[in-house]
Participant: 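Pasting a structure below so you can have a look.
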Amino acid sequence: MIKINNFLTSLQGCNSMQKLKRIHAQIFVNGCHSDPSIVEKLLNFCSVSVSGNLSYARILFSQIENPRISAWNSIIRGSSQSPYPLEAILLYNRMIQDSHCHPDNYTFSFLLKACFKAKADKKCREAHGSIIRLGYLSDASVSTNLVRCYGGSGLVETAKKLFDEMHEKDLVAWNSMLSCYSQVGLHTEAMEIYGRMRTSNVEPDEFTVVSLLSSCAHLGALRFGIEMHKFAEDNGFIGNVFVGNALIDMYAKCGDLERARQVFSSMKKKDLSTWNSIIVGLGVHGCGAEAIWFFRQMLGLGVRPNAITFIGLLSGCSHQGLVNDGIAYFHMMRSEFWLNPSIKHLGCMVDLFGRAGKFEDAFQFIENTEARDDPVLWRTLLSACRIHRNVVMGEVAMRNLVRLSSQNAGDCVLMSGIYADTGDRQGVSRMRKLIRYQGIKTNPGWSWIEIDGIVHKFVVDDKSHTDIKEIHCKLKEVVHKSRLAGYVEEMSSSIGFQSTEESSEAWIGNSNNYHSEKLAIAFGLTRTPPGTTLRIVKNLRVCRDCHQLTKFISKAFNREIVVRDRVRFHHFNGGVCSCRDFW
DNA sequence: GTAGGGTTAG
């Protein structure tokens, strides 16, 4: 009789369906099929192993007369890892209804994994009830899975409560909570969790670093990101491809392209995300040509691009005015790689034409696409009209937004900006009325700057900062010095309308000196030694007047200033901006 | 002999 171990050894080297069947047949020949543990082993292997085969596992499972809990667990686990996690939930239901088996802590772990992947919120809550009833909440793996499930369905508070109630929080539990905050965009909370983790004496690992770097990227917290980089180096995490990718993304999003390139070239192991991170990073910095260069390298090495690669490429082309390249890559996407353009790709194309002032092309592009009723495309066209002060096309875009009943405050402010730029007071007042009449909510604008590892946040006309008097004083000096160098306030403010800011900032008449990014820059100037680069992050698009003033500041104070706005990066140096005034 | 965590998207 062949020993069980022999089967296991042959399974290890098994990579084809035929071999699997052969082993299965041998089990029969040797009369081992009546031993449930042997069949369960085979089942578990087929369900879970990378070289396994879930379809075969299903057949095997169907042949077991009264599956024991371990068999149920194997098949539920296999399905939860597959592209059809819903199947795991159905199997669980069958087990509860039709078998005499009771779920254990393993069953719940696998079930919850499936719930997370399938976004099955209701089932998650139901499982939560059973878990409490059966006393499995104290199991670390089960409760960590619950935390992820609630976090993934947006119920972050519930996730946090469960996490806080966990008796023994191990590293995986901390990492799950951290990534939960990071993924829903609560980056400050993610940082707080990290702080608590450290004070609880839990040593971070690669997973911790990756989630944290993602939060650093969104916050624009370069200093903290550099610290994390150092930490990763000291702890031997640098060979990890996730860590490398997250580092590239963090450096790019924090405005330090040079370091992003360095990390990229130092990485021995690269995957698709590595290439995407550098291409997308270069794209938002307006380095379209360089993004194309990387794209060609990538193709040369046989790495197949995906939809994200093309987002990076197309946005790079649009920010650098590479219209023909953009068109070529848009077609290449479908013809060579069988990728269907998403609304984001279409948006990039409208932006590509619009930014280059090719309004007729932009308009025709929207009209000829199936997504012509998607407000995103008209909104993109409207932004381009703002750059080029195109009233006629701006009104076309605005009319379409109204037709689709989706005009928001940002759209009205953009349109107002176009009217203001062309001196049309009536147009401005029409837009103001539209906002008041429809009660459209405006989006408050803020900017932040990181000084000595602390993030300082400013809103328009901020009075809350403890050093606000000093900041205002500095701002006066800054404006005075810039005026001497030739700075003139933008025309639009002289008719009582403040520029492009898509926010309530825009509606506060004469407060243009107190826009959030101006406050942040003035603060940065008072708190950093001469020559230090200032890095500002803001949630909206930078306004024309602030953009103009920042150019003069970069020259008058001899500072490099990097501003990350909602759309892209602006590198101000020696009186000019990398966006060449097309933003 | 059975478990849980990570990056990139106008």
Side-chain angles (χ1 to χ4, degrees), chain A residues 4 8 37-38 40-41 43-45 47-48 68-78 80-81 104-113 116 136 139-149 151 166 170-180 182-183 204-217 237 240-250 252-253 271-281 283-284 306-319 342-352 354-355 376-377 379-380 383-384 541 566-568:
Chain A
I4 296 172
L8 286 181
S37 67
I38 272 278
E40 277 166 14
K41 271 198 186 72
L43 173 70
N44 191 51
F45 173 81
S47 308
V48 180
R68 306 192 297 187
I69 185 67
S70 52
W72 280 105
N73 283 351
S74 287
I75 193 77
I76 292 176
R77 182 187 176 195
S80 76
Q81 292 171 348
D104 61 10
N105 44 340
Y106 291 95
T107 325
F108 284 120
S109 282
F110 306 140
L111 172 68
L112 287 170
K113 184 177 182 148
F116 176 76
Y136 289 123
D139 186 290
S141 185
V142 172
S143 45
T144 302
N145 263 312
L146 264 177
V147 168
R148 281 187 78 217
C149 254
M166 280 177 76
D170 60 11
L171 180 58
V172 181
W174 282 100
N175 283 346
S176 301
M177 196 61 235
L178 185 59
S179 81
C180 169
S182 176
Q183 279 165 17
D205 67 358
E206 290 97 325
F207 288 80
T208 325
V209 169
V210 169
S211 293
L212 270 180
L213 284 173
S214 168
S215 281
C216 286
F237 300 158
N240 182 304
V241 70
F242 283 90
V243 171
N245 297 349
L247 277 171
I248 296 173
D249 177 59
M250 181 277 293
K253 288 221 172 77
D271 65 6
L272 175 58
S273 290
T274 317
W275 291 96
N276 283 350
S277 298
I278 194 76
I279 289 171
V280 169
V284 292
N306 69 0
I308 301 175
T309 324
F310 282 95
I311 299 264
L313 262 185
L314 293 177
S315 69
C317 290
S318 104
H319 284 293
S342 72
I343 186 69
K344 289 184 177 171
H345 298 98
L346 302 177
C348 283
M349 290 308 284
V350 175
D351 196 53
L352 177 81
R355 218 172 264 279
V376 169
L377 301 184
R379 193 163 288 135
T380 307
S383 311
R541 289 166 62 138
R566 199 169 60 82
V567 186
R568 62 162 292 158

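Just so it is clear: chains get the letters A, B, ... in the order the sequence lines come, proteins before strands, and each one is counted from 1.
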Participant: Would you mind classifying the nucleic acid contact of A/Leu178 as base, sugar-phosphate or nothing, using non-hydrogen atoms under 4.0 angstrom?
Facilitator: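 Result for A/Leu178 = nothing.
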
Participant: Using side-chain heavy atoms (C-beta onward) and a distance below 4.5 Å, is A/Thr309 in contact with A/Leu272?
Facilitator: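 In short, these two side chains touch, coming nearer than 4.5 Å.
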
Participant: Ignoring backbone atoms, establish whether A/Ser109 has a side-chain N or O less than 4.0 Å from OP1 or OP2 of B/dT2.
Facilitator: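 No, outside the criterion.
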
Participant: Quickly work out the A/Lys344 NZ to B/dA9 P distance and round it to whole Å.
Facilitator: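 Rounding to the nearest Å, NZ of A/Lys344 and P of B/dA9 are 8 Å apart.
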
Participant: Does A/Thr144 make a side-chain donor-acceptor contact with the base of B/dG4, cut-off 3.5 Å?
Facilitator: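 Side chain to base: pair present.
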
Participant: If the condition is side-chain hydrogen bond (donor to acceptor under 3.5 Å, both in side chains), which residues does A/Ser318 pass it with, not counting sequence neighbours?
Facilitator: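 Partners of A/Ser318 by the side-chain hydrogen bond (donor to acceptor under 3.5 Å, both in side chains) criterion, ordered by chain and then number, come out as A/Asp351.
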
Participant: A/Lys113 side chain N/O closer than 4.0 Å to the phosphate oxygens (OP1, OP2) of B/dT2?
Facilitator: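 Negative; the distance criterion is not met.
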
Participant: Quick check for you: to the nearest 0.5 Å, what is the distance between A/Leu111 atom CG and A/Arg77 atom CZ?
Facilitator: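 CZ of A/Arg77 is found 14.5 Å from CG of A/Leu111.
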
Participant: Taking any heavy-atom pair under 4.0 Å as a contact, classify A/Val172: base, sugar-phosphate, or nothing.
Facilitator: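 Counting heavy atoms under 4.0 Å across all strands, the contact made by A/Val172 includes a base.
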
Participant: Tell me, please, which residues at least two apart from A/Lys253 pass side-chain hydrogen bond (donor to acceptor under 3.5 Å, both in side chains).
Facilitator: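 A/Lys253: side-chain hydrogen bond (donor to acceptor under 3.5 Å, both in side chains) contacts with A/Asp249.
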
Participant: Under 4.0 Å, heavy atoms only, any strand: does A/Ser176 hit a base, just the sugar-phosphate, or nothing?
Facilitator: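 Answer is sugar-phosphate: A/Ser176 comes under 4.0 Å of backbone atoms only.
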
Participant: Any donor-acceptor pair, under 3.5 Å, between the side chain of A/Asp205 and the base of B/dG6, if you only look at N and O atoms?
Facilitator: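 For A/Asp205, whose side chain was compared with the base of B/dG6, there is no donor-acceptor pair (under 3.5 Å).
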
Participant: Answer yes or no as to whether B/dT2 has its base stacked against A/Tyr106, where stacking requires a ring-centre separation under 5.5 angstrom and planes under 30 degrees apart.
Facilitator: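 Stacking is present between B/dT2 and A/Tyr106, given that their ring centres fall under 5.5 Å apart and the planes under 30°.
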
Participant: Does A/Asn240 contact B/dG6 through a side-chain donor or acceptor facing the base, at a distance under 3.5 Å?
Facilitator: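 Check passes, donor-acceptor contact within cut-off.
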
Participant: Using whole Å, what does the distance between atom P of nucleotide B/dG10 and atom CG of A/Leu314 come to?
Facilitator: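 The distance from CG of A/Leu314 to P of B/dG10 comes to 11 Å, rounded to the nearest Å.
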
Participant: Looking at A/Arg148, does any N or O in its side chain come under 4.0 Å of the phosphate oxygens OP1/OP2 on B/dG6?
Facilitator: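 Affirmative; the distance criterion is met.
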
Participant: Can you tell me how far apart CG (A/Leu313) and NE2 (A/His345) are? Round to the nearest 0.5 Å.
Facilitator: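 It comes to 9.5 Å.
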
Participant: What nucleic acid atoms does A/Asp249 come within less than 4.0 Å of, heavy atoms only: base, sugar-phosphate, or nothing?
Facilitator: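 Sugar-phosphate, no base atom in range.
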
Participant: Any side-chain N or O of A/Gln81 less than 4.0 Å from the OP1 or OP2 oxygen of B/dA3?
Facilitator: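 A/Gln81 to B/dA3 OP1/OP2: no side-chain N or O under 4.0 Å.
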
Participant: Answer with base, sugar-phosphate or nothing: what part of the nucleic acid does A/Val376 contact at a heavy-atom distance below 4.0 Å?
Facilitator: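 Result for A/Val376 = base.
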
Participant: Base, sugar-phosphate, or nothing: which does A/Ala217 touch, judged by heavy atoms less than 4.0 Å apart?
Facilitator: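 Result for A/Ala217 = nothing.
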
Participant: Measure distances between side-chain N and O atoms of A/Ser277 and base N and O atoms of B/dT8, and say whether any donor-acceptor pair falls under 3.5 Å.
Facilitator: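 Not at all, since no donor on one side and acceptor on the other fall under 3.5 Å apart.
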
